[in-house]
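One structure is given here, and the rest of the page talks about it.
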Amino acid sequence: MKIITAVRGFKDILPGETGKWQYVEEKAREIFKNFGLSEIKVPILEKTELFRRGIGETTDIVEKEMYTFQDIGDEYLTLRPEATASVIRAYLQHNIHAADPVAKLFTIGPMFRRERPQKGRFRQFHQINVELIGLDDPRIDAELILMLICFLKSVRLSDLGLEINSLGCPGCRPSFREAILIFLQDKKNDLCKDCLRRLDTNPLRVLDCKMEGCGEIISDAPKLLDYICSECRDHFEKVKEYLRIFDVPFEINAKMVRGLDYYTRTAFEVTTELLGAQNAIAGGGRYDRLIEELGGPDIPGIGFAIGLERLISLLPMKDEEFAIPPHLFIAALGDEAQKFAYTLCNRLRMQGIRTEMDYSGKSLKSQMRRSNKFNSRYTLILGKREIEEKKAELRDMKEGTQETLSLDNIEETISNIVKRM
RNA sequence: GUGGGUGUAGCUCAGUUGGUAAGAGUGCCGGGUUGUGGCCCCGGAAGCCGGGGGUUCAAGUCCCCUCACUCACCCCA
(Lines give C-alpha, C1' and ligand atoms only; values in the text may rest on other atoms or scores of the structure.)
Protein backbone atom coordinates (compact mmCIF):
# COMPACT_ATOMS: atom_id res chain seq x y z
CA MET A 1 0.00 0.00 0.00
CA LYS A 2 1.24 3.41 -0.91
CA ILE A 3 2.07 5.70 1.99
CA ILE A 4 0.35 9.03 2.29
CA THR A 5 2.63 12.02 1.89
CA ALA A 6 2.29 15.59 3.12
CA VAL A 7 0.45 18.14 1.01
CA ARG A 8 2.56 19.95 -1.61
CA GLY A 9 4.29 22.94 -0.11
CA PHE A 10 3.60 21.81 3.47
CA LYS A 11 6.72 20.77 5.36
CA ASP A 12 7.47 18.68 8.40
CA ILE A 13 9.89 20.25 10.82
CA LEU A 14 11.83 17.21 11.97
CA PRO A 15 13.19 16.52 15.48
CA GLY A 16 16.73 17.44 14.45
CA GLU A 17 15.54 20.86 13.30
CA THR A 18 13.27 21.95 16.13
CA GLY A 19 16.17 23.11 18.29
CA LYS A 20 16.76 26.04 15.94
CA TRP A 21 13.08 26.91 15.93
CA GLN A 22 12.90 26.95 19.70
CA TYR A 23 16.05 29.03 19.91
CA VAL A 24 14.74 31.65 17.48
CA GLU A 25 11.35 31.88 19.14
CA GLU A 26 12.89 32.19 22.59
CA LYS A 27 15.18 34.99 21.40
CA ALA A 28 12.23 36.81 19.90
CA ARG A 29 10.21 36.53 23.10
CA GLU A 30 13.15 37.73 25.16
CA ILE A 31 13.94 40.77 23.03
CA PHE A 32 10.35 41.76 22.32
CA LYS A 33 9.69 41.71 26.04
CA ASN A 34 12.44 44.29 26.49
CA PHE A 35 10.63 46.53 24.04
CA GLY A 36 7.36 46.20 25.95
CA LEU A 37 5.47 43.77 23.72
CA SER A 38 3.01 41.09 24.77
CA GLU A 39 2.27 37.85 22.96
CA ILE A 40 -1.18 37.31 21.47
CA LYS A 41 -2.43 34.08 19.94
CA VAL A 42 -5.08 34.29 17.24
CA PRO A 43 -6.86 31.59 15.17
CA ILE A 44 -5.48 30.42 11.85
CA LEU A 45 -8.97 30.30 10.35
CA GLU A 46 -10.96 33.48 9.78
CA LYS A 47 -13.94 34.65 7.81
CA THR A 48 -12.85 35.28 4.24
CA GLU A 49 -14.28 38.78 4.43
CA LEU A 50 -11.62 39.80 6.95
CA PHE A 51 -8.82 39.34 4.43
CA ARG A 52 -10.75 40.72 1.48
CA ARG A 53 -11.28 43.95 3.37
CA GLY A 54 -7.97 44.00 5.18
CA ILE A 55 -5.43 43.03 2.54
CA GLY A 56 -7.32 44.40 -0.48
CA GLU A 57 -9.43 42.84 -3.21
CA THR A 58 -6.93 43.44 -5.99
CA THR A 59 -3.83 42.05 -4.32
CA ASP A 60 -2.31 38.80 -5.59
CA ILE A 61 -2.77 37.26 -2.17
CA VAL A 62 -6.53 37.76 -2.17
CA GLU A 63 -7.02 37.22 -5.89
CA LYS A 64 -5.29 33.88 -6.24
CA GLU A 65 -3.38 32.65 -3.21
CA MET A 66 -5.89 32.08 -0.43
CA TYR A 67 -7.06 28.70 0.81
CA THR A 68 -10.76 29.44 0.96
CA PHE A 69 -13.66 27.03 1.39
CA GLN A 70 -17.33 27.11 2.10
CA ASP A 71 -18.15 25.98 5.61
CA ILE A 72 -21.13 23.80 6.37
CA GLY A 73 -23.82 26.43 6.07
CA ASP A 74 -22.99 29.20 3.66
CA GLU A 75 -20.10 31.03 5.27
CA TYR A 76 -16.74 31.30 3.47
CA LEU A 77 -13.66 30.72 5.61
CA THR A 78 -9.98 31.22 4.79
CA LEU A 79 -6.74 29.84 6.18
CA ARG A 80 -4.94 33.04 7.10
CA PRO A 81 -2.38 34.27 4.54
CA GLU A 82 -1.01 36.81 7.03
CA ALA A 83 -1.53 37.76 10.65
CA THR A 84 -2.09 41.50 10.82
CA ALA A 85 -5.77 41.37 9.89
CA SER A 86 -6.44 38.78 12.59
CA VAL A 87 -4.59 40.71 15.27
CA ILE A 88 -6.50 43.88 14.41
CA ARG A 89 -9.74 41.89 14.40
CA ALA A 90 -9.00 40.61 17.91
CA TYR A 91 -7.99 44.10 19.03
CA LEU A 92 -11.36 45.45 17.87
CA GLN A 93 -13.50 42.49 18.86
CA HIS A 94 -12.33 42.58 22.47
CA ASN A 95 -12.37 46.37 22.65
CA ILE A 96 -8.74 46.44 23.66
CA HIS A 97 -8.57 50.03 22.41
CA ALA A 98 -11.24 51.12 24.88
CA ALA A 99 -9.01 50.39 27.86
CA ASP A 100 -5.88 51.69 26.15
CA PRO A 101 -5.58 52.50 22.44
CA VAL A 102 -1.89 51.66 22.55
CA ALA A 103 -1.18 47.95 22.18
CA LYS A 104 2.21 46.42 21.43
CA LEU A 105 1.66 42.87 20.29
CA PHE A 106 3.46 39.97 18.67
CA THR A 107 2.34 36.55 17.50
CA ILE A 108 4.11 33.51 16.09
CA GLY A 109 2.53 30.90 13.86
CA PRO A 110 1.79 29.40 10.46
CA MET A 111 0.45 31.24 7.41
CA PHE A 112 -0.97 29.75 4.22
CA ARG A 113 -0.63 30.93 0.63
CA ARG A 114 -1.29 28.76 -2.39
CA GLU A 115 1.74 29.73 -4.47
CA ARG A 116 4.03 27.47 -6.48
CA PRO A 117 6.69 26.30 -3.98
CA GLN A 118 10.33 27.16 -4.54
CA LYS A 119 13.43 28.01 -2.53
CA GLY A 120 12.34 29.94 0.56
CA ARG A 121 8.69 29.80 -0.41
CA PHE A 122 6.17 27.30 0.92
CA ARG A 123 2.42 27.01 1.02
CA GLN A 124 2.48 26.70 4.77
CA PHE A 125 5.16 28.89 6.29
CA HIS A 126 5.73 30.54 9.64
CA GLN A 127 6.00 34.14 10.64
CA ILE A 128 6.78 36.19 13.68
CA ASN A 129 4.46 39.19 13.49
CA VAL A 130 4.72 42.41 15.43
CA GLU A 131 2.01 45.05 15.57
CA LEU A 132 2.37 48.37 17.36
CA ILE A 133 -1.09 49.86 17.47
CA GLY A 134 -2.27 53.30 18.51
CA LEU A 135 0.76 55.52 17.80
CA ASP A 136 1.73 57.38 14.63
CA ASP A 137 4.82 59.05 16.02
CA PRO A 138 7.87 58.49 13.77
CA ARG A 139 9.81 57.44 16.85
CA ILE A 140 7.62 54.34 16.91
CA ASP A 141 8.55 53.51 13.31
CA ALA A 142 12.25 53.78 14.09
CA GLU A 143 11.87 51.90 17.35
CA LEU A 144 10.11 49.04 15.59
CA ILE A 145 12.82 48.78 12.95
CA LEU A 146 15.49 49.02 15.61
CA MET A 147 13.90 46.13 17.51
CA LEU A 148 13.77 44.04 14.34
CA ILE A 149 17.44 44.64 13.58
CA CYS A 150 18.34 43.98 17.21
CA PHE A 151 16.52 40.65 17.07
CA LEU A 152 18.14 39.60 13.80
CA LYS A 153 21.56 40.42 15.23
CA SER A 154 20.79 38.46 18.38
CA VAL A 155 20.34 35.28 16.35
CA ARG A 156 23.67 36.05 14.66
CA LEU A 157 22.45 36.94 11.20
CA SER A 158 24.75 39.10 9.15
CA ASP A 159 24.99 40.56 5.64
CA LEU A 160 21.48 41.94 5.80
CA GLY A 161 20.24 45.02 4.03
CA LEU A 162 17.51 47.36 5.26
CA GLU A 163 15.46 49.17 2.62
CA ILE A 164 12.93 51.82 3.52
CA ASN A 165 10.46 53.97 1.66
CA SER A 166 7.45 56.14 2.31
CA LEU A 167 4.22 55.31 0.56
CA GLY A 168 2.43 58.53 1.48
CA CYS A 169 -1.05 58.73 2.86
CA PRO A 170 -4.57 58.72 1.39
CA GLY A 171 -4.21 62.49 1.16
CA CYS A 172 -1.19 62.58 -1.11
CA ARG A 173 -1.21 59.23 -2.87
CA PRO A 174 -3.94 60.08 -5.41
CA SER A 175 -1.83 62.85 -6.92
CA PHE A 176 1.01 60.42 -7.41
CA ARG A 177 -1.32 57.84 -8.84
CA GLU A 178 -2.42 60.50 -11.30
CA ALA A 179 1.20 61.27 -12.22
CA ILE A 180 1.97 57.61 -12.81
CA LEU A 181 -1.05 57.16 -15.04
CA ILE A 182 -0.07 60.19 -17.12
CA PHE A 183 3.51 58.99 -17.32
CA LEU A 184 2.48 55.52 -18.47
CA GLN A 185 -0.23 56.67 -20.85
CA ASP A 186 1.91 56.55 -24.02
CA LYS A 187 3.96 53.54 -22.88
CA LYS A 188 1.17 51.00 -22.64
CA ASN A 189 2.45 48.97 -25.56
CA ASP A 190 5.70 48.20 -23.79
CA LEU A 191 4.22 47.07 -20.49
CA CYS A 192 3.78 43.43 -19.56
CA LYS A 193 0.24 42.09 -19.43
CA ASP A 194 0.14 42.09 -15.64
CA CYS A 195 1.09 45.75 -15.57
CA LEU A 196 -1.56 46.61 -18.12
CA ARG A 197 -4.07 45.14 -15.74
CA ARG A 198 -2.50 47.01 -12.84
CA LEU A 199 -3.12 50.31 -14.62
CA ASP A 200 -6.76 49.89 -13.75
CA THR A 201 -6.52 48.14 -10.44
CA ASN A 202 -3.38 49.33 -8.68
CA PRO A 203 -1.02 51.44 -10.81
CA LEU A 204 1.53 51.84 -8.02
CA ARG A 205 2.40 48.17 -8.38
CA VAL A 206 3.84 48.80 -11.82
CA LEU A 207 6.72 50.46 -10.01
CA ASP A 208 8.14 47.28 -8.57
CA CYS A 209 7.43 45.02 -11.52
CA LYS A 210 10.48 42.85 -12.09
CA MET A 211 9.92 42.26 -15.81
CA GLU A 212 12.78 43.58 -17.94
CA GLY A 213 10.74 45.82 -20.21
CA CYS A 214 8.81 47.39 -17.37
CA GLY A 215 12.02 47.92 -15.42
CA GLU A 216 13.40 50.14 -18.18
CA ILE A 217 10.23 52.15 -18.43
CA ILE A 218 9.86 52.82 -14.75
CA SER A 219 13.51 53.74 -14.23
CA ASP A 220 12.61 57.35 -15.08
CA ALA A 221 9.05 57.28 -13.82
CA PRO A 222 7.92 59.87 -11.27
CA LYS A 223 9.17 59.10 -7.78
CA LEU A 224 6.62 58.64 -5.05
CA LEU A 225 8.85 60.53 -2.66
CA ASP A 226 8.53 63.63 -4.86
CA TYR A 227 4.78 63.62 -4.48
CA ILE A 228 4.14 62.93 -0.83
CA CYS A 229 2.65 65.71 1.26
CA SER A 230 4.64 67.76 3.72
CA GLU A 231 3.31 65.85 6.71
CA CYS A 232 4.36 62.53 5.20
CA ARG A 233 7.71 63.96 4.16
CA ASP A 234 8.31 65.28 7.66
CA HIS A 235 7.34 61.93 9.14
CA PHE A 236 9.74 60.09 6.84
CA GLU A 237 12.59 62.50 7.57
CA LYS A 238 12.17 61.91 11.28
CA VAL A 239 12.14 58.14 10.90
CA LYS A 240 15.46 58.38 9.07
CA GLU A 241 16.83 60.75 11.68
CA TYR A 242 16.03 58.37 14.54
CA LEU A 243 17.45 55.39 12.67
CA ARG A 244 20.72 57.31 12.33
CA ILE A 245 20.74 58.00 16.07
CA PHE A 246 20.84 54.23 16.65
CA ASP A 247 23.36 53.67 13.86
CA VAL A 248 20.94 51.47 11.94
CA PRO A 249 22.16 51.55 8.34
CA PHE A 250 19.48 51.74 5.64
CA GLU A 251 18.97 52.43 1.99
CA ILE A 252 16.06 54.25 0.45
CA ASN A 253 14.27 52.18 -2.14
CA ALA A 254 11.86 54.54 -3.84
CA LYS A 255 10.41 51.68 -5.89
CA MET A 256 9.39 49.49 -2.97
CA VAL A 257 5.61 49.37 -2.91
CA ARG A 258 4.74 46.10 -1.17
CA GLY A 259 1.90 43.82 -2.01
CA LEU A 260 -0.63 44.52 0.67
CA ASP A 261 -2.92 47.46 0.05
CA TYR A 262 -3.13 48.64 3.62
CA TYR A 263 0.33 50.15 3.89
CA THR A 264 0.77 53.90 4.32
CA ARG A 265 3.84 56.05 4.95
CA THR A 266 6.77 53.98 6.23
CA ALA A 267 7.44 50.69 4.44
CA PHE A 268 10.56 48.57 4.86
CA GLU A 269 12.17 45.26 4.02
CA VAL A 270 15.15 43.36 5.34
CA THR A 271 16.87 41.53 2.50
CA THR A 272 19.73 39.12 1.91
CA GLU A 273 21.68 37.95 -1.10
CA LEU A 274 21.82 34.39 0.15
CA LEU A 275 18.28 33.20 -0.42
CA GLY A 276 18.01 33.15 -4.19
CA ALA A 277 14.97 34.81 -5.65
CA GLN A 278 13.13 35.14 -2.35
CA ASN A 279 15.39 37.75 -0.86
CA ALA A 280 13.13 39.26 1.81
CA ILE A 281 13.42 37.76 5.25
CA ALA A 282 11.29 40.42 6.91
CA GLY A 283 9.01 43.18 5.75
CA GLY A 284 6.48 45.58 7.10
CA GLY A 285 5.15 49.05 7.27
CA ARG A 286 2.66 51.50 8.65
CA TYR A 287 -1.07 50.93 8.21
CA ASP A 288 -2.79 54.03 9.51
CA ARG A 289 -6.08 53.38 7.69
CA LEU A 290 -6.46 49.66 8.26
CA ILE A 291 -8.18 49.71 11.63
CA GLU A 292 -10.86 52.06 10.39
CA GLU A 293 -11.21 49.99 7.20
CA LEU A 294 -11.99 47.01 9.40
CA GLY A 295 -14.76 48.89 11.13
CA GLY A 296 -12.86 50.27 14.09
CA PRO A 297 -12.03 53.78 15.23
CA ASP A 298 -9.42 55.93 13.50
CA ILE A 299 -6.34 54.41 15.11
CA PRO A 300 -2.92 54.12 13.42
CA GLY A 301 -0.63 51.13 13.48
CA ILE A 302 2.65 49.75 12.21
CA GLY A 303 4.06 46.25 12.07
CA PHE A 304 6.28 43.72 10.39
CA ALA A 305 6.52 40.01 9.62
CA ILE A 306 9.60 37.82 9.73
CA GLY A 307 9.70 34.70 7.57
CA LEU A 308 10.89 31.98 9.93
CA GLU A 309 11.84 29.35 7.36
CA ARG A 310 13.95 31.93 5.57
CA LEU A 311 15.50 33.23 8.77
CA ILE A 312 16.31 29.76 10.04
CA SER A 313 17.91 28.75 6.75
CA LEU A 314 20.32 31.64 7.25
CA LEU A 315 21.37 30.83 10.82
CA PRO A 316 25.12 30.27 11.04
CA MET A 317 24.71 27.54 13.67
CA LYS A 318 24.40 23.85 12.91
CA ASP A 319 21.46 21.69 13.98
CA GLU A 320 23.76 19.61 16.20
CA GLU A 321 24.62 22.62 18.32
CA PHE A 322 21.07 22.56 19.65
CA ALA A 323 21.02 18.87 20.52
CA ILE A 324 20.52 18.26 24.24
CA PRO A 325 22.54 15.21 25.32
CA PRO A 326 21.56 13.15 28.38
CA HIS A 327 23.51 13.58 31.58
CA LEU A 328 23.50 9.86 32.13
CA PHE A 329 23.02 6.68 30.15
CA ILE A 330 22.39 3.47 32.05
CA ALA A 331 23.78 0.28 30.53
CA ALA A 332 22.17 -2.65 32.30
CA LEU A 333 22.97 -6.34 31.74
CA GLY A 334 20.53 -9.06 32.80
CA ASP A 335 17.00 -9.01 34.14
CA GLU A 336 17.84 -7.88 37.68
CA ALA A 337 19.99 -5.02 36.48
CA GLN A 338 17.42 -3.97 33.87
CA LYS A 339 14.75 -3.83 36.54
CA PHE A 340 16.93 -1.74 38.81
CA ALA A 341 17.95 0.49 35.92
CA TYR A 342 14.38 1.10 34.86
CA THR A 343 13.29 2.46 38.23
CA LEU A 344 16.51 4.41 38.70
CA CYS A 345 16.25 5.93 35.24
CA ASN A 346 12.78 7.34 35.81
CA ARG A 347 13.50 8.45 39.38
CA LEU A 348 16.47 10.46 38.16
CA ARG A 349 14.36 12.00 35.38
CA MET A 350 11.83 13.12 37.97
CA GLN A 351 14.68 14.87 39.76
CA GLY A 352 15.53 16.77 36.61
CA ILE A 353 18.42 14.62 35.44
CA ARG A 354 18.31 13.74 31.76
CA THR A 355 18.67 9.97 31.82
CA GLU A 356 18.49 7.37 29.06
CA MET A 357 18.78 3.61 29.08
CA ASP A 358 18.66 0.71 26.69
CA TYR A 359 15.58 -1.51 26.83
CA SER A 360 16.71 -4.17 24.36
CA GLY A 361 19.05 -6.22 26.54
CA LYS A 362 21.85 -5.96 24.03
CA SER A 363 25.54 -6.52 24.73
CA LEU A 364 27.44 -4.04 26.85
CA LYS A 365 29.44 -2.99 23.83
CA SER A 366 26.28 -2.18 21.96
CA GLN A 367 24.87 -0.23 24.89
CA MET A 368 28.12 1.70 25.27
CA ARG A 369 27.96 2.59 21.60
CA ARG A 370 24.45 3.87 22.08
CA SER A 371 25.52 5.96 25.04
CA ASN A 372 28.31 7.39 22.94
CA LYS A 373 25.95 8.13 20.07
CA PHE A 374 23.72 10.12 22.41
CA ASN A 375 26.81 11.99 23.56
CA SER A 376 25.91 11.23 27.16
CA ARG A 377 28.37 12.66 29.66
CA TYR A 378 28.23 9.63 31.97
CA THR A 379 27.41 5.97 31.60
CA LEU A 380 26.32 3.88 34.58
CA ILE A 381 27.27 0.24 34.10
CA LEU A 382 25.10 -2.23 35.95
CA GLY A 383 25.72 -5.96 35.54
CA LYS A 384 25.05 -9.11 37.49
CA ARG A 385 28.25 -8.65 39.50
CA GLU A 386 27.37 -5.08 40.44
CA ILE A 387 23.87 -6.02 41.54
CA GLU A 388 25.21 -8.83 43.73
CA GLU A 389 27.82 -6.58 45.29
CA LYS A 390 25.40 -3.64 45.53
CA LYS A 391 27.57 -1.31 43.48
CA ALA A 392 27.84 0.18 40.00
CA GLU A 393 30.52 1.52 37.69
CA LEU A 394 30.15 5.16 36.65
CA ARG A 395 32.10 5.96 33.51
CA ASP A 396 32.96 9.52 32.55
CA MET A 397 32.61 9.33 28.78
CA LYS A 398 34.54 12.51 28.17
CA GLU A 399 37.54 11.74 30.38
CA GLY A 400 37.47 7.99 29.85
CA THR A 401 37.73 7.44 33.60
CA GLN A 402 35.61 5.23 35.80
CA GLU A 403 34.70 4.99 39.46
CA THR A 404 32.78 2.50 41.59
CA LEU A 405 29.66 3.74 43.34
CA SER A 406 27.60 2.07 46.03
CA LEU A 407 24.01 1.34 45.12
CA ASP A 408 22.93 2.69 48.49
CA ASN A 409 21.88 6.29 47.93
CA ILE A 410 22.74 5.95 44.23
CA GLU A 411 20.14 8.53 43.23
CA GLU A 412 21.62 11.12 45.50
CA THR A 413 25.20 10.28 44.51
CA ILE A 414 24.47 10.64 40.81
CA SER A 415 22.38 13.70 41.37
CA ASN A 416 25.30 15.39 43.14
CA ILE A 417 27.79 14.40 40.44
CA VAL A 418 25.57 15.69 37.66
CA LYS A 419 24.92 18.97 39.45
CA ARG A 420 28.69 19.53 39.68
CA MET A 421 29.00 19.26 35.90
C1' G B 1 -0.66 29.37 -13.75
C1' U B 2 4.10 29.08 -17.26
C1' G B 3 9.11 27.30 -18.12
C1' G B 4 13.94 24.50 -16.95
C1' G B 5 16.43 20.59 -14.04
C1' U B 6 16.32 16.00 -11.24
C1' G B 7 14.06 11.07 -9.72
C1' U B 8 18.93 4.38 -8.32
C1' A B 9 19.60 1.63 -0.45
C1' G B 10 17.23 5.58 5.46
C1' C B 11 20.73 9.83 3.57
C1' U B 12 24.47 11.79 -0.32
C1' C B 13 25.45 9.94 -4.99
C1' A B 14 28.33 6.55 -9.05
C1' G B 15 26.43 3.50 -12.92
C1' U B 16 30.45 3.93 -20.03
C1' U B 17 28.09 3.28 -27.06
C1' G B 18 21.54 -0.31 -24.44
C1' G B 19 24.80 -6.27 -23.35
C1' U B 20 25.40 -10.45 -15.39
C1' A B 21 27.05 -3.76 -12.33
C1' A B 22 22.39 -3.53 -8.61
C1' G B 23 27.25 -0.40 -6.73
C1' A B 24 30.13 3.22 -3.24
C1' G B 25 30.28 6.37 0.94
C1' U B 26 27.49 7.28 5.18
C1' G B 27 23.87 5.52 8.57
C1' C B 28 21.72 0.93 10.81
C1' C B 29 22.61 -4.27 13.00
C1' G B 30 26.36 -7.77 14.60
C1' G B 31 31.47 -9.34 15.50
C1' G B 32 36.92 -8.28 16.43
C1' U B 33 37.50 -8.77 24.71
C1' U B 34 32.54 -14.73 28.25
C1' G B 35 31.36 -7.19 30.58
C1' U B 36 33.48 -1.21 28.30
C1' G B 37 32.04 3.87 23.70
C1' G B 38 34.96 7.08 20.22
C1' C B 39 39.66 5.44 15.99
C1' C B 40 40.56 1.04 13.16
C1' C B 41 39.29 -3.91 10.95
C1' C B 42 35.61 -7.78 9.44
C1' G B 43 30.67 -9.33 8.35
C1' G B 44 25.26 -8.51 7.60
C1' A B 45 20.45 -6.50 6.44
C1' A B 46 18.59 -3.00 3.27
C1' G B 47 16.60 -0.84 -3.60
C1' C B 48 9.89 -3.34 -8.41
C1' C B 49 16.48 1.88 -10.43
C1' G B 50 9.36 7.28 -8.99
C1' G B 51 4.88 4.97 -11.73
C1' G B 52 2.69 3.37 -16.51
C1' G B 53 3.26 2.32 -21.60
C1' G B 54 6.49 1.64 -25.93
C1' U B 55 11.12 0.31 -29.01
C1' U B 56 14.53 -4.08 -28.72
C1' C B 57 16.82 -10.66 -28.64
C1' A B 58 18.05 -7.42 -24.34
C1' A B 59 16.17 -1.11 -20.87
C1' G B 60 18.58 1.82 -14.60
C1' U B 61 20.36 3.43 -19.66
C1' C B 62 16.43 5.13 -25.67
C1' C B 63 11.13 7.22 -26.74
C1' C B 64 6.12 8.81 -24.96
C1' C B 65 2.81 9.79 -20.92
C1' U B 66 2.20 10.62 -15.79
C1' C B 67 3.52 11.76 -10.75
C1' A B 68 6.84 13.80 -7.25
C1' C B 69 10.72 16.93 -5.91
C1' U B 70 13.49 21.21 -7.18
C1' C B 71 14.90 26.00 -9.31
C1' A B 72 13.17 30.24 -11.95
C1' C B 73 9.13 33.70 -13.71
C1' C B 74 5.05 36.06 -11.00
C1' C B 75 4.40 37.46 -5.92
C1' C B 76 6.07 37.79 -1.15
C1' A B 77 7.98 36.38 4.50
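What's counted below: heavy atoms across the whole structure, side chains too, no hydrogens, waters or symmetry copies. Chain identifiers are assigned alphabetically (A, B, ...) following the order of the sequence lines, protein sequences preceding nucleic acid strands; residue numbering begins at 1 within each chain.
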Testing the 3.5 Å rule here: is there a donor-acceptor pair between the side chains of [X] and [Y]?
X	Y	answer
Tyr287(A)	Glu131(A)	yes
Asn346(A)	Arg349(A)	yes
Thr272(A)	Asn279(A)	no
Thr343(A)	Lys339(A)	no
His235(A)	Asp141(A)	yes

Out of [options], whichever nucleotide has its closest atom nearest the side chain of [X]:
X	options	answer
Arg116(A)	A77(B), U36(B), C73(B)	C73(B)
Lys11(A)	U36(B), A77(B), C69(B)	C69(B)
Arg395(A)	C75(B), G37(B), A77(B)	G37(B)

Q: Can you label the angle between the Tyr23(A) ring and the Phe322(A) ring as parallel, tilted or perpendicular, going by 30° and 60°?
A: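 Taking Phe322(A) first and then Tyr23(A), their aromatic rings sit tilted (interplane angle of 30° to 60°).
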On the side chain of [X], is there an atom forming a donor-acceptor pair with the base of [N] - under 3.5 Å, no angle test?
X	N	value
Arg310(A)	C76(B)	yes
Gln118(A)	C74(B)	yes
Lys398(A)	G38(B)	no
Glu393(A)	U36(B)	no

Under 4.0 Å, heavy atoms only, any strand: does [X] hit a base, just the sugar-phosphate, or nothing?
X	value
Phe374(A)	nothing
Lys119(A)	sugar-phosphate
Ile381(A)	base
Ser366(A)	sugar-phosphate
Gln367(A)	nothing
Ser376(A)	nothing
Asn375(A)	nothing
Lys362(A)	sugar-phosphate
Gly120(A)	base
Glu63(A)	nothing

Q: Inspect the contact between Glu49(A) and Arg52(A) and indicate whether a charged nitrogen and a carboxylate oxygen are less than 4.0 angstrom apart.
A: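 Answer for the salt bridge query: no.
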Look through every strand shown and name the nucleotide pairing with [N] as Watson-Crick or G-U wobble, where both distances are under 3.5 Å.
N	answer
A72(B)	U2(B)
C39(B)	none
C49(B)	none
C28(B)	G44(B)

(Q) I need the CG-C1' distance between Asp60(A) and C75(B), as an integer number of Å. (A)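 Checked: the CG to C1' distance equals 5 Å.
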Q: Take Glu65(A) and Lys373(A), find for each the nucleotide of RNA chain B with the closest heavy atom, and name the residue whose nucleotide sits nearer the 5' end.
A: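 Between the two, 5'-proximity favours Lys373(A).
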Q) When the nearest nucleotide of RNA chain B is assigned to Glu386(A) and to Arg370(A) on a heavy-atom basis, which residue is associated with the more 5' position? A)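 With Glu386(A) and Arg370(A) compared, the 5'-side residue is Arg370(A).
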(Q) For Arg29(A) and Glu39(A): C-alpha separation, side-chain torsions, deciding distance, then whether salt bridge (Lys or Arg N to Asp or Glu O under 4.0 Å) applies. (A) CA-CA 8 Å; Arg29(A) 290 192 169 96; Glu39(A) 185 164 5; 2.8 Å; yes
Q: Compare every heavy atom of Lys362(A) with every heavy atom of Gln367(A), then report the nearest pair and how far apart it is.
A: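 Result for this residue pair: NE2-O, 2.9 Å.
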Q: With C1' as the reference atom in both, quote the distance from C49(B) to U33(B) in angstrom, rounded to an integer.
A: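 42 Å, rounded to whole Å.
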Give each protein N/O atom lying under 3.5 Å from an N/O atom of nucleotides 39-45 of chain B, with the pair distance.
none

